[in-house]
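The chains referred to below are lettered A, B, ... by the order of the sequence lines, with proteins before strands, and numbering in each begins at 1. Because the structure is a prediction, the values reported are computed rather than measured. Basis for what follows: all heavy atoms, side chains included, without hydrogens, waters or symmetry-related copies.
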Amino acid sequence: MSKSTETMEKIVALCRRRGFIFGSSEIYGGLGGFWDYGPLGVELKRNIKDCWWNDMIKNPPTGPGGRKFQMVGVDCSIIMNPKVWEASGHVGGFSDPMVDCKETKNRYRADQLSVLQTKSGEGQMFAFATDDDESEDRARKKAAKYLKTSTDALAEMTTVVALETLETSTFPSILGPDAKEVGTLTEPRAFNLMFETFVGALQDSTSKAYLRPETAQGIFANFKNVMDSTRVKIPFGIGQIGKSFRNEINPRNFTFRSREFEQMEIEFFCDPKESMVWYEFWRDTRIKWYESLGIKSEKLRPREQGDEELAHYSDACTDIEYLFPFSDETQELEGVAHRGDFDLKAHGKAAKGKENAFAVLDDATKERFVPHVIEPSAGVDRFTLASITEAYSYDENRASPEFMKFHPRLAPIKAGVFPLVAKDGLPEIAEPIYADLRKHFFCQYDAKQTIGKRYARMDEAGTPFCFTIDHDTKEAGTVTVRNRDDASQERIDKSRCLEYLRDKLGI
RNA sequence: GCGGGCGUAGCUCAAUGGUAGAGCAUCAGCCUUCCAAGCUGAAUGUUGACGGUUCGAGUCCGUUCGCCCGCUCCA
């Protein structure tokens, strides 16, 4: 077992042991790709979402060149009119079994491919798009060349069959419609990763609906509503945090690829002429945000997508990737995509009947334009997992070797409050201190067992500070503050605990 | 999807085909004046599930499910 796998196993074990993350419905054997957050996990995840909402929506950064811009939020329904997903391109070809060509990366509907084969069924076969004369023509020419015969004589020697009637074991002999090499077609697979459900009591095709596979479309669908109700002006952004669902074929790596997950997405609308400037601004802003929350920059790798990787409508896209312990390669935390006017035009066309239905007026030139969109789309669960793996520390010289070095803003518990012993009137002093602190921060009071065990428990929870009330507190009115990261101690006046926390946490 | 490995208490692991156990963790109490100390006690199981062989199965056989690893896949 590799060292990184071992580390990952320790992290998963700690998450379970301390109540960060459990497998969903474990008592019934679990369900792959679904996870529950426990008492500590929910605090961590909530802190992450609060940080994002605060830093991006409530108090957004200043734009390039000191420009101000507005940010507003929405919270859209998970189930939407299925037409949303037709317009966005999520349904359509994706409901049916598909065949991929490994060479050309083209994807074909399995029921729309035919194959030209020799009457004996032997030798190479030639696939083409059914009812596409041009594609069939190309296949026939290639077949004629292969069989060293004329296209006229070919009809005598060959027969046409539907791809779906062939055994997948014969696929290595098939030449794809656009391929140069033989045997590059995959077996037909269902590619609709959207969860289906039914709205209303009747379960038929007219009531079919989908759980959203991304939060973005709810924002696009409400673009006009937000424009009309809030007096925002281009450039501005709409943010949303919410659950999305993808029926992943193969969920792996703890919570990294889950079937139910939460997203934090911004759709930023701007003048096409300035779109690249805003794209670069958001890419850099988002990278800095992760660094500000304790992700080391050397583990954070922005990866600019090459032209061949980009969606056809996209001008640029950067995946902000993080080096998780479960892989030698960095994995995507967030995608910052320049989506052009693709989405607004698609919905304008589908819902309003013309592509420019969502155009806005340029005050200076009095011309109408469809805004371009910059989309920083982050995975809440992925960043939660990244902050956990980043925080995980091991020092065999400590009494409690494992500890979680969370950034103070993210730490689930901000402080522990302990009477050194549960007698001599110490709990009576400690309890009011705790009652005062908990009004402002999530804290924990513990009087059980030895002080060492209590510190160790707080280390595993990632609590940055512990206040310990001892006999000197009675005499001098001071308490011990114990620091999680180096186990160092200092004494402060017991009345200064809240002030101390505010100062050290920076919040 | 393919191949390999593993399933016994919350965790780490024991138990010749013959009464399912230990340590840690948890809880209660004692002790304890700053880093998982000690003592006493308590609670904890459909041995992943189903079926078969057997007088008797955690153990042998079959099936199945789950998890992990490697490939594959990931609009």
Side-chain angles (χ1 to χ4, degrees), chain A residues 1-2 4-6 8-10 12-19 22-33 38 85 88-100 102 105-107 168 186-194 213-214 246-254 256-259 309-314 319 326-328 331-332 335 395 397-403 416 418-426 446-460 466-475 479-484 486-491:
Chain A
M1 192 186 293
S2 72
S4 59
T5 306
E6 245 175 83
M8 202 57 213
E9 283 190 358
K10 281 183 180 160
V12 172
L14 189 146
C15 282
R16 247 190 77 70
R17 189 168 70 243
R18 285 298 171 230
F22 310 115
S24 166
S25 38
E26 258 181 9
I27 58 167
Y28 291 109
L31 189 59
W85 308 112
S88 69
H90 286 81
V91 270
F94 298 110
S95 306
D96 303 290
M98 304 294 281
V99 171
D100 283 321
K102 291 177 205 163
K105 306 293 180 197
N106 286 336
R107 176 165 285 164
T168 54
T186 64
E187 60 188 86
R189 291 167 300 194
F191 261 89
N192 190 356
L193 295 188
M194 285 197 290
E214 59 176 41
R246 294 185 199 184
N247 204 352
E248 296 285 353
I249 296 162
N250 195 357
R252 275 282 169 94
N253 293 328
F254 203 22
F256 182 80
R257 180 167 294 124
S258 301
R259 293 187 162 121
E309 229 181 320
L310 285 173
H312 61 87
Y313 50 77
S314 180
D319 284 344
F326 57 73
S327 174
D328 296 332
Q331 308 284 329
E332 183 183 352
D395 180 356
N397 296 320
R398 288 165 71 114
S400 49
E402 284 181 304
F403 63 110
F418 309 142
L420 183 60
V421 290
K423 60 178 185 181
D424 303 337
L426 300 189
D446 192 354
K448 298 278 176 66
Q449 295 177 312
T450 63
I451 193 71
K453 281 193 183 184
R454 284 176 271 166
Y455 286 152
R457 247 194 293 271
M458 286 297 108
D459 279 348
E460 282 193 339
C466 295
F467 298 104
T468 299
I469 285 74
D470 59 20
H471 293 85
D472 287 349
T473 310
K474 289 163 85 176
E475 311 296 324
V479 300
T480 302
V481 191
R482 185 259 191 188
N483 185 305
R484 171 197 68 196
D486 56 10
S488 66
Q489 299 191 344
E490 59 180 306
R491 291 197 75 88

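The partner of B:A9 cannot be assigned: no Watson-Crick or G-U wobble pair with both contacts below 3.5 Å exists in any strand. Pair assignment for B:A42 gives B:U26, based on Watson-Crick or G-U wobble hydrogen-bonding distances that are each under 3.5 Å. Base pairing of B:U16: no nucleotide in any strand meets the Watson-Crick or G-U wobble criterion (both distances under 3.5 Å). Base pairing annotation: B:A57 forms no Watson-Crick or G-U wobble pair, as no partner gives both donor-acceptor distances under 3.5 Å.
Taking atom P in both B:A20 and B:C24, the straight-line distance is 24 Å, to the nearest Å. Remark: the separation of the P atoms in B:A9 and B:G58 is 14 Å, to the nearest Å. Taking atom C1' in both B:G38 and B:U47, one finds a spacing of 34 Å when rounded to whole Å. Atom name P, nucleotides B:C60 and B:A14: the rounded distance is 14 Å, in whole Å. Comparing B:G17 with B:A57, their C1' atoms sit 7 Å apart, to the nearest whole Å. To the nearest whole angstrom, the two C1' atoms, one in B:C67 and one in B:G29, are 40 Å apart. The separation of B:C65 from B:C50, taken at their C1' atoms, amounts to 10 Å, rounded to a whole angstrom. B:A25 and B:C13 have their C1' atoms separated by 14 Å, given to the nearest Å.
Under the 4.0 Å criterion applied to side-chain N and carboxylate O atoms, A:D459 and A:R398 are assigned as salt-bridge partners.
The distance between atom CD of A:E490 and atom C1' of B:C34, rounded to the nearest whole Å, is 15 Å. Distance, A:N247 CG to B:C73 P: 19 Å, rounded to whole Å. Protein atom CG of A:L420 is 13 Å distant from nucleotide atom P of B:U32, rounded to whole Å. When rounded to the nearest whole Å, the span between CZ of A:F418 and P of B:A36 equals 13 Å. The separation between A:D424 atom CG and B:C31 atom P is 11 Å, rounded to whole Å. Atoms CG (A:D395) and P (B:A36) sit 14 Å apart, rounded to a whole Å. Note: CD1 (A:I451) to P (B:C35) measures 9 Å, nearest angstrom. We find that CG of A:L426 is positioned 14 Å from P of B:U32, with the value rounded to whole Å.
Evaluation of atom-type donor-acceptor distances gives a pair under 3.5 Å for the side chain of A:R257 against the base of B:C74. For A:R246 against B:C74, a side-chain-to-base donor-acceptor contact under 3.5 Å is absent.
Contact annotation for A:R484: no contact, since no heavy-atom pair falls under 4.0 Å across all strands. Nucleic acid contact for A:E332: none, since no nucleic acid atom lies under 4.0 Å from a heavy atom of the residue. Nucleic acid contact for A:G23: none, since no nucleic acid atom lies under 4.0 Å from a heavy atom of the residue.
For A:M194, taking side-chain heavy atoms from C-beta onward, the closest of the listed nucleotides B:U33, B:C35, B:A75 is B:A75. With B:A36, B:G10, B:C68 as the choices, the nucleotide that has an atom nearest any side-chain atom of A:E9 turns out to be B:C68. Here the nucleotide nearest the side chain of A:T480, chosen from B:A75, B:C68, B:C34, is B:C34. Closest to the side chain of A:K453, out of B:C35, B:A37, B:U32, is B:A37.
Residue A:Q449 places at least one side-chain N or O closer than 4.0 Å to OP1 or OP2 of B:U26. Under 4.0 angstrom from either OP1 or OP2 of B:A37 there lies at least one side-chain N or O belonging to A:T450. Side-chain N/O atoms of A:K448 include none lying less than 4.0 angstrom from OP1 or OP2 on B:C27.
Here the shortest heavy-atom pairing between A:R257 and A:P251 reads O-CB, 3.2 Å.
Contact of the A:N483 side chain with the A:E490 side chain is not registered, since no non-hydrogen atoms from C-beta on lie closer than 4.5 Å. Taking 4.5 Å as the limit, every side-chain heavy atom of A:T473 sits out of range of all side-chain heavy atoms of A:L426.
In this structure a side-chain-to-backbone donor-acceptor pair under 3.5 Å is present from A:R454 to A:P419. Of the possible donor and acceptor atoms, one in the side chain of A:K474 sits under 3.5 Å from a partner among the backbone N and O of A:D424.
Taking for each of A:R16 and A:G32 the nucleotide of RNA chain B with the nearest heavy atom, the 5'-most of the two is the partner of A:R16. The residue among A:K423 and A:A487 whose nearest nucleotide of RNA chain B lies closer to the 5′ end is A:K423.
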Using the rule given for salt bridge (Lys or Arg N to Asp or Glu O under 4.0 Å), can you reason through A:R17 versus A:E402, listing the C-alpha separation, both sets of side-chain angles and the distance that settles it, and then say yes or no? CA-CA 12 Å; A:R17 189 168 70 243; A:E402 284 181 304; 3.1 Å; yes
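For A:F254 and A:F326, the distance between ring centers is not under 6.0 angstrom.
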